[in-house]
Peer 1: 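Here it is: the structure, laid out below.
First the proteins, then the strands, lettered A, B, ... as listed; each starts at 1.
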Amino acid sequence: MPAEQLPEWTALAPAYILAATAMVLFVIDSIDPDSDNRNLLAGTAIVGTLASVGVATWFLLAWGSGTGPGPTITLFGEAVVVDGTSLFFTVIVTTVTALVLLASYDYLADDPHQAEYYSLIILAATGMVLMASSNSLATVFVSLELASLPSYALVSILKRNRGSSEAGLKYFLIGALSSAIFVYGISLVYGATGSLILSDVAAALDEGADGFEGLLGVGVVMLIGGFAFKTASVPFHFWAPEAYEGAPAPVSAFLSSASKAAGFVIAFRVFVEAFPLDVVAAMGVDWALMFQVLAVVTMIVGNFAAAVQSNVKRMLAYSSIGHAGYALIGLAAITGGNPGHDATVLGASMMHLLVYGFMNTGAFLFIALVEHWDVGRTFDDYRGLARTAPFASLAMAVFMFSLAGLPPFSGFASKYVLFLAAIGAGYWWLAAVGAVTSALSLYYYSRVVKALWLDDPIDGTPRVDSYPRGIYVAIIAAAALTVLALPAFGVGFDLAETAATALFE
Amino acid sequence: MAAFDFAPAIALLPFVSFLIALTVGKHLPKKGALPGIAATAGALLLSIWAVVAVAGGEYHHAVLYEWVAAEEALSFHFGILIDPLSAMMLVIVSLIAFLVHVFSLGYMNDEGEIGLPRYYAGLGLFTFSMLAFVYADNLLMAFMFFELVGLCSFLLIGFWFRERAPPSAAKKAFLVTRFGDYFFLIGVVGVFATFGTGMFASVNGFESFPELAEAALAGEADVNTFGFAAETWFSILGLLVLGGVIGKSAQFPLHTWLPDAMEGPTPVSALIHAATMVAAGVYLVARMYGFYALSPTLLAIIAFVGGFTALFAATMGVVKNDVKQVLAYSTISQYGYMMVALGVGAYVAATFHLMTHAFFKALLFLGAGAVIIATHHEQNMWKMGGLKDRLPVTYWTFLVGSLALAGILPFSGFWSKDEVLYDALLIGLENPIFLGAYAMALLAVFFTGFYTFRMVLLTFHGEPRSDHAENAHALGWNVKFPLVVLGVLAAVAGFINMKPVEDLTGAEILYLEYWLDGEYGAVEGLTYGAYNTLVADVSGLGAADIGPLLPGVIALAVAVAGVALAWVLYNDPEPEEHTARLGAVRDLWYNNYYQDEAQVWLARNVTLPLSRRADTFDQGVIDGVVNGVGSVSLTGGDRLRRIQTGLVTNYAALIALGLVVLLVAFAVVGGWF
Amino acid sequence: MMIEALIAVALIGSLVVLASPDRYAAQLALAISLIPVAGSLWMYSAFDGAGNALLGGDIAFETGPITWVEVGDYALQWHMGLDGVSMPLVVLTTVLTTLAILSAWTPIDERQSQFYGLMLLMQGSLIGVFAALDFFVWFVFWEAVLVPMYFLIGVWGGPRRKYAAIKFFVYTNVASLVMFIGFIALVFSLDVTTFGLPEITAALEGTGPTPLATAAFFAMFAGFAVKVPIVPVHTWLPDAHVEAPTPVSVMLAGVLLKMGTYALLRFNFTMLPEVAIEYAPFIVALAVLSVIYGALLALAQRDLKRIVAYSSISSMGYVLLGLVAYTVHGVGGATFQMVSHGLISGLMFMTVGVIYNATHTRMVTDMSGLADKMPVTVGVFVAAAFGYMGLPLMSGFAAEYFVFVGSFQSDTLPNHGMALATAIAMFGIVVVAGYLLFAMQRTMFGPFELETDYEIVPAPVRDVTPLLVLLGLVILLGIAPDLIYEMIRDAVSPVLENGGDL
Amino acid sequence: MAYLELLAFGLFALVTLSSSAGVVLVEDIWHAALLLGVALTSVAVHYVMLQAEFLAVIQVLVYIGGVLILITFAVMLTREGREESEVATT
Amino acid sequence: MTVPIEYYVLLSAGMFCIGLFGILTRRNALMFLMSVELMLNAANINLIAFALLHGNLTGQTFALFVIALAAAEVAIGIGIILGLNRNFGDVDVTEATTMRW
């Protein structure tokens with residue numbers, strides 16, 4: 001049955017499926033609280049997530065298969081919307097979730113709180129899917145919290161691990177602060193416009209802000225703070241290195257890929273829909289300029305700090321901050337005057353997030369594998385791993401080079417298009433900063449590859465005692481996606497651009 | 001069947017022998033000598049045939065191969081030009097090459113050398129390159145084979161590579177000539193850029209660059225003179241090409257490689273340094289004489305360089321102890337005479353001396369080689385002596401050669417050298433500036449006579465002064481045959497152009513002059529007469545009008561004086577060195593005026609430190625900047641990450657600070673309040 | 001489809017070799033690499049292009065443009081084709097790769113399958129670089145070359161291989177990105193709908209030295225200069241060369257450096273001739289500096305490989321000099337020099353490698369009289385060295401001569417400055433002779449001595465074979481430069497017309 | 001009326017702010033928790049004045065009844081924990 | 001509306017700043033939590049005040065959500081703080097600095 005003929009309420013099916021999966025997991029957990037039946041728990045979670053991936057992909061392709069953009073379906077009094085953008089990000093989030101769940105199967109083999117873990121992940125994923133579909137500042141906030149709260153718990157799920165609990169604390173505290181700022185920002189925007197529905201906000205702004213420009217401006221900056229927290233952009237990034245480092249690696253993967261993408265989708269939607277740049281810039285609220293500042297600072301801080309890390313996971317954490325900077329170009333390079341251009345920029349950013357989702361998840365899952373082996377965390381500990389684990393190391397090399405933006409991997413194409421779009425919009429200097437930092441990133445990414453492939457182990461061969469199937473499958477799948485995204489880049493970018501175009505209409 | 005149909009084979013035959021020696025040489029009897037002899041004999045016959053054909057009134061030009069297909073009037077091709085000059089040179093080169101091959105049978109094969117295929121391959125390639133250079137029809141081709149000649153000299157001089165000195169000498173030979181060739185190459189490029197052609201002769205629809213230059217000077221042709229006046233530019237070009245000439249013909253100051261090059265096997269010395277490679281430079285000037293004749297400045301420079309070199313080298317020859325060294329310096333000196341001749345417009349005299357010198361110097365080298373074989377590779381003259389009786393054939397031929405070199409009537413050297421001096425005097429009397437060149441050349445005659453006979457006396461006369469000299473062993477036919485042939489030639493070759501005799505008797509016996517003047521056949525414009533006109537008309541060098549007798553007598557007297565002094569000092573069964581009497585001058589001469597030291601100093605104390613400095617600079621500064629950028633980035637990154645203090649309170653503060661900064665900044669920018 | 005087929009063979013072959021056991025990897029890689037050789041030689045024989053790939057006219061084996069993805073108003077396309085400039089370079093790539101693989105049999109004794117797989121991967125990318133006519137595709141291949149190179153240096157290199165690999169990697173990558181931004185900024189100022197190089201070139205025709213064009217020109221110039229490399233951005237090269245294993249040095253010097261000069265020709269000098277001419281004094285100065293300074297540096301080295309490495313800088317200076325001359329022989333000679341230097345420097349590195357295999361040292365001071373022990377190898381070395389010095393009838397002379405003739409009569413500098421610059425640059429031929437002769441004298445000749453404790457035996461046939469093949473090619477091109485020079489001239493002539501009234 | 005309302009606002013604003021300040025300023029965490037209760041209650045009063053009586057009720061229920069109890073509970077737990085650990089370590 | 005909206009905005013801003021001040025100065029994690037509650041309440045004041053101003057219930061409804069989520073946040077936060085207490089033996093946020101730079 002074609003997707004168009006389904007009733008409207010089914011448009012949120014990916015979210016429903018995830019929510020239902022979470023419920024099933026709760027039920028299982030409540031029937032047998034001490035279950036360590038990994039197959040059942042992880043299986044349920046994965047099946048549910050994959051179903052969600054399938055449905056989301058189906059919807060997305062159906063949405064983008066027509067001549068123009070597909071329909072924009074709004075539900076619950078316009079509080080929730082399903083369009084190309086939301087489906088696009090739903091695909092990102094659910095795919096990453098599926099990969100993470102797959103890897104968790106082995107990673108958490110000895111953890112006593114399996115059911116909690118899986119249900120928390122699924123719940124967070126649900127929140128993220130809802131973030132992608134939020135069409136009102138209220139739903140934005142609620143779904144953001146729905147995604148955040150399980151994340152806090154997930155980061156500190158290793159109860160006996162000091163790192164995990166420290167990471168959880170920091171993540172939570174900064175998160176709480178940020179959400180306070182964010183909600184205060186919402187209250188100010190509401191004050192200035194009298195509405196929380198994005199399109200209504202835009203409509204209100206169209207008629208002028210009634211002397212509330214100041215409030216609006218402060219509100220917008222605070223909103224940006226909230227988004228910046230979620231996307232780990234400087235200066236709201238402080239939680240990220242610690243949270244990613246301390247959290248179990250699959251959770252780090254989940255947070256740095258899915259959560260970041262979800263943060264970006266609300267930023268995209270809120271700023272594009274609610275604050276049309278040409279309108280608000282006239283009021284002195286040039287948010288594109290703010291994002292430019294943020295993008296530059298984020299790219300620089302993330303990449304430079306990553307360059308000097310000795311702990312691989314922490315390096316990846318910083319690199320993920322750097323990538324937030326690249327993705328921010330999608331908002332920073334919006335000009336407001338030219339919807340075609342802006343859609344290209346935004347689409348490029350979306351595409352980068354998609355590709356980034358694959359490669360970054362893969363990279364963190366490799367860390368998960370290494371943690372599983374318990375060989376250590378520093379570059380030195382990684383030396384010579386390629387001898388004993390060539391396939392995983394090959395995949396890691398793919399991730400690293402792809403993250404660095406080298407062909408023939410998809411990270412190259414997405415960066416290429418992103419810089420292209422930025423230069424096209426006239427922001428060549430943004431692209432220049434991106435390019436320079438990206439070259440620097442090559443240095444630290446290649447250090448990983450060097451350690452894996454070029455260096456000899458410090459003493460003997462590293463202790464690699466098992467080849468956990470789940471993590472391996474997840475890593476190989478992520479690598480395959482990273483590579484295959486290049487040939488499929490055209491399709492993906494078309495979808496992203498169409499979705500972005502629809503956002504601007 | 002015309003003689004010229006086989007012209008390409010003149011050069012290609014030795015090339016084939018090169019290939020044979022290189023590939024299958026070690027399986028052949030005599031290790032490649034026989035193909036070499038056959039090839040050079042063939043080349044010789046074909047060259048003689050070509051001479052006969054030219055004498056029949058023809059010349060030959062053919063484009064053999066387009067190196068780069070012609071385009072925009074720039075033609076890079078290989079072509080053959082056989083006119084009187086090149087035909088004569090072909091005969092000389094192939095003859096000497098043939099004789100050297102034969103001689104090598106005795107010198108190398110009989111001595112049980114290893115690596116003979118390499119030796120004969122080198123000889124073959126050398127002969128090939130030289131012959132191809134000789135009949136090249138354009139400057140580019142000439143340059144290319146000029147360079148190949150240099151390569152071969154490297155290979156042959158360094159033949160005994162297992163020792164220290166020969167490779168070093170080989171390196172020096174190539175490097176110093178390369179330095180000259182650098183200028184030559186600029187000249188070649190400049191000629192092509194200026195005239196669009198490097199042709200020596202206007203034949204077959206080509207225009208030659210000397211004629212274009214002449215036309216340009218006359219305002220009849222338009223060429224790119226690169227912003228200079230035409231005459232200046234042509235002088236510059238000529239000088240640049242002259243750089244190659246000075247290098248290859250071992251003229252001051254690029255002569256230093258030649259004495260060192262004596263480290264090569266003696267037959268090679270004979271081939272390379274007597275008759276061919278060194279001759280290449282002078283030949284080149286003769287080949288494009290129409291161009292040099294256009295500029296009085298150039299002519300004066302050539303004459304002066306030649307005169308100075310002639311004297312300069314002769315003085316150094318006076319004190320040498322190694323028989324080959326004496327010959328080496330005499331070679332440099334004799335080429336100086338040729339340069340003098342070319343400088344004063346005496347095209348015939350230069351060519352004449354080139355020819356006679358080829359014969360007698362090859363003879364002397366081979367003779368020295370024969371002595372060296374006989375004395376079991378002894379080269380120091382003070383350890384010889386008394387060889388006259390043990391090696392009669394060698395002695396008599398060597399003596400002929402020495403007399404020719406010293407310029408004693410009636411041996412060939414006298415006639416040619418006399419003509420050089422005579423012509424120099426003629427020009428010099430009219431244009432005093434050339435008189436200096438003449439004076440130096442004349443003075444050199446004295447030294448020539450002296451060192452030549454010092455050498456003869458020390459080597460062959462007196463008592464044997466070493467066991468080797470005492471036990472000199474007999475020589476085979478393959479050694480004697482070339483000596484005899486060359487001995488005859490050295491004695492009689494002068495008769496083809498006896499200027500004083502002609503003057504005295506009025507008989508028309510200046511065969512060489514007629515030959516070069518196109519009496520028998522030549523390319524128009526490439527004749528002695530044409531050049532003479534150019535020198536007189538364009539360069540404005542007039543000639544005095546005096547007979548050749550008096551100058552001849554003077555030259556002869558000076559030469560005899562030199563010989564006589566040598567006789568007085570060294571005709572003694574136990575000769576003394578006598579050089580101590582020269583005092584400081586002896587050291588100066590013995591050390592070659594410290595020329596080598598100067599060049600070594602230049603290389604070791606200027607170039608090398610400069611390059612070391614550059615290397616230090618490169619490693620330190622340039623690479624330092626690169627690495628510096630890297631470490632600055634890392635330091636920056638390290639500083640940057642220090643804001644991540646680990647204290648969540650600080651994070652909150654920084655977030656708040658960031659927010660406030662953003663708020664304030666944008667509030668100000670946006671004018672919110 | 002021939003080009004695509006060659007690339008596909010190389011890439012698939014690379015995967016096959018990567019998956020094969022170490023024991024057969026070398027043979028397998030050699031066999032696979034022969035297919036592109038045969039293919040490219042067939043293409044060479046069937047070559048019928050007379051135009052310039054960017055400026056129009058017939059080009060050979062063209063495929064595309066096929067639109068792959070639309071980015072905003074621009075289409076990224078697959079577009080391949082060969083003209084007289086790229087055809088010889090493609091042949092050079094395939095031939096050199098095969099020979100490099102052959103020469104790797106002795107020195108590479110671990111992880112063979114990975115090594116040969118990467119070599120083939122690099123080959124495929126290099127073909128792509130020379131054949132691509134769309135910026136995106138070109139850039140993909142351009143960057144893709146870095147990855148195998150990084151590993152090849154980093155895994156199989158010398159003691160400081162990691163430093164060298166990362167330096168090479170980051171340095172050239174920074175350069176690529178600078179170039180990328182400059183170029184894209186330029187393109188966006190144009191009225192084009194694709195990144196097809198021909199279209200961009202056409203749109204740029206007549207662009208004077210506007211601020212944007214100038215900035216873009218220098219961004220691209222800087223980017224390519226690193227690759228070439230041109231002084232003062234050359235310092236990655238000696239490190240990379242010295243640390244890389246022999247076959248990799250061969251590829252690095254033989255083909256990778258040509259990527260830079262090729263790109264300079266295609267982008268800077270074909271697309272923005274007016275800017276190039278405006279800033280010719282600067283470019284000429286860099287060219288002359290590269291020649292002389294590079295040669296001086298080579299003179300100061302005591303490691304055979306470093307000597308050859310620095311001499312590449314010198315040789316590449318000639319290419320730049322020829323390019324900026326904007327004459328048929330200048331630009332054509334520069335292109336010819338790319339091929340010629342590829343062959344000769346490849347030959348030099350291989351020979352040094354063979355010597356190293358036997359002696360386990362490359363220091364000039366550690367050995368002497370090698371000619372006694374390995375006559376054929378030393379013979380080839382001597383021949384190669386003379387080729388490097390520009391001995392006539394070897395390709396090096398032809399290339400240098402064309403460049404000199406072309407640049408000497410060029411008008412790009414006022415007051416015949418090019419003639420003077422050429423004359424100065426030509427002094428490089430003396431210095432190159434100096435250091436090569438010095439090195440030869442010390443190492444090859446004299447009494448045999450060796451500091452290391454290794455028994456010297458003549459090199460095996462499989463090591464010598466590639467040397468002889470390369471030497472043969474060098475001589476062949478020296479005797480008959482028109483084998484490629486004719487097509488090169490056809491292809492570069494439009495560049496000069498595009499360059500205005502020069 | 002209007003003045004009265006303004007006066008009430010001012011009064012409760014003062015209470016709100018001063019008790020809030022007290023929350024962050026007092027040393028003892030017990031007192032801070034209690035002051036937080038005061039602050040939140042006075043906010044509820046503001047809600048009433050803003051015609052949001054329902055929210056005021058919810059505020060009291062959720063905050064005073066839930067959140068504050070939770071915090072108090074946590075304060076007790078952690079204090080105890082610390083004392084315990086101190087005992088354990090000394 | 002008798003009390004001008006600006007007053008409410010000022011009140012809420014003051015409360016927000018006090019909360020922020022608390023976060024910046026106090027080291028006890030629970031104090032951190034309480035300060036965040038203050039900030040959230042500040043936002044709520046705004047929302048409700050503006051709901052009155054604009055005459056719609058959106059603000060009030062949203063405030064309801066905020067209250068609910070704040071409660072949930074506190075619950076999660078206390079869980080985390082207890083975990084911290086277990087691992088570090090303290091609720092001082094400046095103790096947990098094993099990861100930095």
Side-chain angles (χ1 to χ4, degrees), chain B residues 65-69 71-72 74 76 115 118 140 143-148 150-151 154-155 158 161-164 166-168 170-172 174-175 178-179 181-182 185-186 188-190 192-194 224 226-228 240 603 607-608 610-616 618-619 622-623 625-627 630, chain C residues 167 170-171 231-236 238-239 293 295-301 328-329 369 371-372 375 382 386 389-393 397-398 400-402 404-405 408-409 415-416 419 422-423 426-427 429-431 433-435 437-438 440-441 444-448 479-482 485-486 489:
Chain B
Y65 171 62
E66 292 248 1
W67 193 51
V68 172
E71 171 166 340
E72 288 184 0
L74 274 183
F76 302 141
R118 183 160 51 87
L140 175 63
F143 176 82
M144 290 170 75
F145 287 101
F146 201 71
E147 282 287 290
L148 282 181
L151 166 74
F154 174 84
L155 296 175
F161 65 82
R162 288 174 185 81
E163 293 158 35
R164 288 261 180 238
S168 173
K171 176 192 75 176
K172 187 172 178 183
F174 192 84
L175 202 53
R178 181 77 181 198
F179 187 74
D181 290 346
Y182 159 62
L185 183 56
I186 302 179
V188 173
V189 167
F192 271 89
T194 305
N224 179 4
F226 289 83
F228 292 97
L240 288 169
T607 319
L608 217 52
L610 184 68
S611 75
R612 297 257 161 79
R613 239 12 101 63
D615 192 44
T616 317
D618 200 57
Q619 297 288 316
I622 297 189
D623 202 27
V625 168
V626 174
N627 289 335
Chain C
K167 189 172 182 178
V170 175
Y171 205 150
V231 174
V233 288
H234 62 281
T235 53
W236 62 269
D239 288 315
Y293 183 72
L296 269 183
L297 291 178
L299 193 58
Q301 305 306 319
V328 172
H329 289 301
D372 205 20
V382 172
F386 276 97
M389 294 177 215
L391 190 78
L393 299 189
F397 173 77
E400 286 172 10
Y401 180 72
F402 298 150
F404 294 154
V405 165
F408 196 88
Q409 54 189 343
N415 300 324
H416 305 287
T422 308
M426 281 164 76
F427 193 70
I429 68 168
V430 178
V431 188
Y435 58 75
L437 287 170
F438 175 81
M440 279 198 286
Q441 183 209 338
M444 312 286 152
F445 307 131
F448 173 74
I479 293 174
D482 262 354
Y485 196 49
E486 201 163 2
R489 276 178 297 160

Peer 1: Is Leu140(B) in contact with chain C via its backbone, its side chain, both, or neither, using a 4.5 Å heavy-atom distance?
Peer 2: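 The side chain, not the backbone.
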Peer 1: With side chains defined as the heavy atoms from C-beta onward, is the minimum distance between Asp618(B) and Tyr293(C) less than 4.5 Å?
Peer 2: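 Answer yes - side chains close enough.
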Peer 1: Could you check if a side-chain atom of Phe226(B) sits within less than 4.5 angstrom of a side-chain atom of Phe408(C), using non-hydrogen atoms only?
Peer 2: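 Side chain of Phe226(B) against side chain of Phe408(C), heavy atoms only: contact under 4.5 Å found.
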Peer 1: Can you see which heavy atom on Ile186(B) is nearest to which on Ala423(C), and at what distance?
Peer 2: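 Here Ile186(B) and Ala423(C) meet closest at CD1-CB, 3.8 Å.
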Peer 1: Between CZ of Arg162(B) and CZ of Phe448(C), what distance do you get to the nearest 0.5 Å?
Peer 2: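 Spacing of CZ (Arg162(B)) from CZ (Phe448(C)) equals 11.5 Å.
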Peer 1: Does any non-hydrogen side-chain atom of Phe397(C) lie less than 4.5 Å from one of Met144(B)?
Peer 2: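 Yes; the side chains approach each other to less than 4.5 Å.
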Peer 1: Are Asn224(B) and Gln409(C) close enough that a side-chain donor and a side-chain acceptor fall under 3.5 Å?
Peer 2: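 No.
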Peer 1: Side-chain contact test, heavy atoms from C-beta onward, threshold under 4.5 Å: evaluate it for Val68(B) versus Arg489(C) and give yes or no.
Peer 2: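 Yes; the side chains approach each other to less than 4.5 Å.
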Peer 1: Check whether any side-chain heavy atom of Tyr182(B) lies under 4.5 Å from a side-chain heavy atom of Val431(C), and answer yes or no.
Peer 2: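 Tyr182(B) does not reach Val431(C) side chain to side chain.
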Peer 1: So, taking the atom named CG in Leu185(B) and the one named CD1 in Ile429(C), what distance separates them when rounded to the nearest 0.5 Å?
Peer 2: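 If we round to the nearest 0.5 Å, Leu185(B):CG and Ile429(C):CD1 are 5.0 Å apart.
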Peer 1: Using non-hydrogen atoms only, which part of Phe427(C) is less than 4.5 Å away from chain B: side chain, backbone, both, or neither?
Peer 2: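 For Phe427(C), backbone and side chain are both near chain B.
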Peer 1: Look at the aromatic rings of Phe76(B) and His329(C) and report parallel, tilted or perpendicular, splitting at 30° and 60°.
Peer 2: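 The arrangement is tilted - the two ring planes meet at 30° to 60°.
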Peer 1: Tell me, side chain or backbone of Ala298(C) under 4.5 Å from chain B's heavy atoms, or both, or neither?
Peer 2: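 Ala298(C) has no heavy atom closer than 4.5 Å to chain B.
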Peer 1: Answer with side chain, backbone, both or neither: which region of Gln301(C) has an atom nearer than 4.5 Å to a non-hydrogen atom of chain B?
Peer 2: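 For Gln301(C), the side chain is the part near chain B, not the backbone.
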Peer 1: Tell me which of these, Gly369(C), Gly434(C), Ala433(C), Gly446(C), has more heavy-atom pairs under 4.5 Å with chain B than the rest.
Peer 2: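 Looking at each option in turn, the highest pair count goes to Gly446(C).
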Peer 1: Gln441(C) versus Phe161(B): any side-chain heavy-atom pair under 4.5 Å?
Peer 2: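 Side chain of Gln441(C) against side chain of Phe161(B), heavy atoms only: no contact under 4.5 Å found.
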Peer 1: Mind checking side chain to side chain contact (heavy atoms under 4.5 Å, CB included) for Pro166(B) and listing every partner two or more places apart, or none if nothing turns up?
Peer 2: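 In terms of side chain to side chain contact (heavy atoms under 4.5 Å, CB included), with neighbours along the sequence ignored, Pro166(B) is linked to Trp160(B), Glu163(B), Glu263(B).
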Peer 1: What part of Tyr171(C) gets closer than 4.5 Å to chain B, counting heavy atoms only: side chain, backbone, both or neither?
Peer 2: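 Side chain of Tyr171(C) only, per the 4.5 Å heavy-atom cut-off to chain B.
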Peer 1: Sort out for me which of Val382(C), Val231(C), Leu299(C) touches chain B most, counting heavy-atom pairs under 4.5 Å.
Peer 2: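 It is Leu299(C).
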Peer 1: What option among Val405(C), Thr422(C), Val170(C) has the most heavy-atom pairs under 4.5 Å with chain B?
Peer 2: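 Ranked by heavy-atom pairs under 4.5 Å with chain B, first place is Val405(C).
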Peer 1: CH2/Trp67(B) to CG/Asp482(C) distance, rounded to the nearest 0.5 angstrom?
Peer 2: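 The CG atom of Asp482(C) is 9.5 Å from CH2 of Trp67(B), to the nearest 0.5 Å.
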Peer 1: So how far is it from Tyr435(C) OH to Thr607(B) OG1, rounded to the nearest 0.5 Å?
Peer 2: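 It comes to 14.0 Å.
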Peer 1: Rounded to the nearest 0.5 Å, how far does NZ of Lys172(B) lie from CG of Leu437(C)?
Peer 2: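 It comes to 13.5 Å.
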Peer 1: Is there side-chain contact between Thr235(C) and Gln619(B), with heavy atoms separated by less than 4.5 Å?
Peer 2: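 They are not in contact (no side-chain heavy atoms under 4.5 Å apart), so the answer is no.
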Peer 1: Side chain from CB out, backbone as N, CA, C, O: work out which of these in Tyr65(B) comes under 4.5 Å of a heavy atom of chain C, or both, or neither.
Peer 2: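 Side chain only.
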Peer 1: How long is the gap from CG on Asp623(B) to CG on Asp239(C), to the nearest 0.5 Å?
Peer 2: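 Going from the CG atom of Asp623(B) to the CG atom of Asp239(C) covers 5.5 Å.
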Peer 1: Taking side chain to side chain contact (heavy atoms under 4.5 Å, CB included) as the definition, give me every residue that meets it alongside Leu610(B), ordered by chain and number, with sequence neighbours left out.
Peer 2: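 Leu296(C).
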Peer 1: Tell me, out of Phe146(B), Phe154(B), Phe192(B), Phe179(B), who's got the most heavy-atom pairs with chain C below 4.5 Å.
Peer 2: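 The answer is Phe154(B).
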Peer 1: Answer yes if the ring centres of Tyr401(C) and Phe143(B) are under 6.0 angstrom apart, and no otherwise.
Peer 2: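 No, too far apart.
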Peer 1: Measuring heavy-atom distances to chain B, does Asn415(C) have an atom under 4.5 Å in its side chain, in its backbone, in both, or in neither?
Peer 2: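 Neither part, no heavy atoms under 4.5 Å.
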Peer 1: On the 0 to 90° scale, with breaks at 30° and 60°, tag the Phe386(C)-Phe174(B) ring pair as parallel, tilted or perpendicular.
Peer 2: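 Because their plane-to-plane angle is over 60°, the rings of Phe386(C) and Phe174(B) count as perpendicular.
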Peer 1: Is the number of heavy atoms from other residues, nucleotides or ligands under 6.0 Å of Arg612(B) CZ greater than 12?
Peer 2: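 Yes, the 6.0 Å shell around CZ holds more than 12 heavy atoms from other groups.
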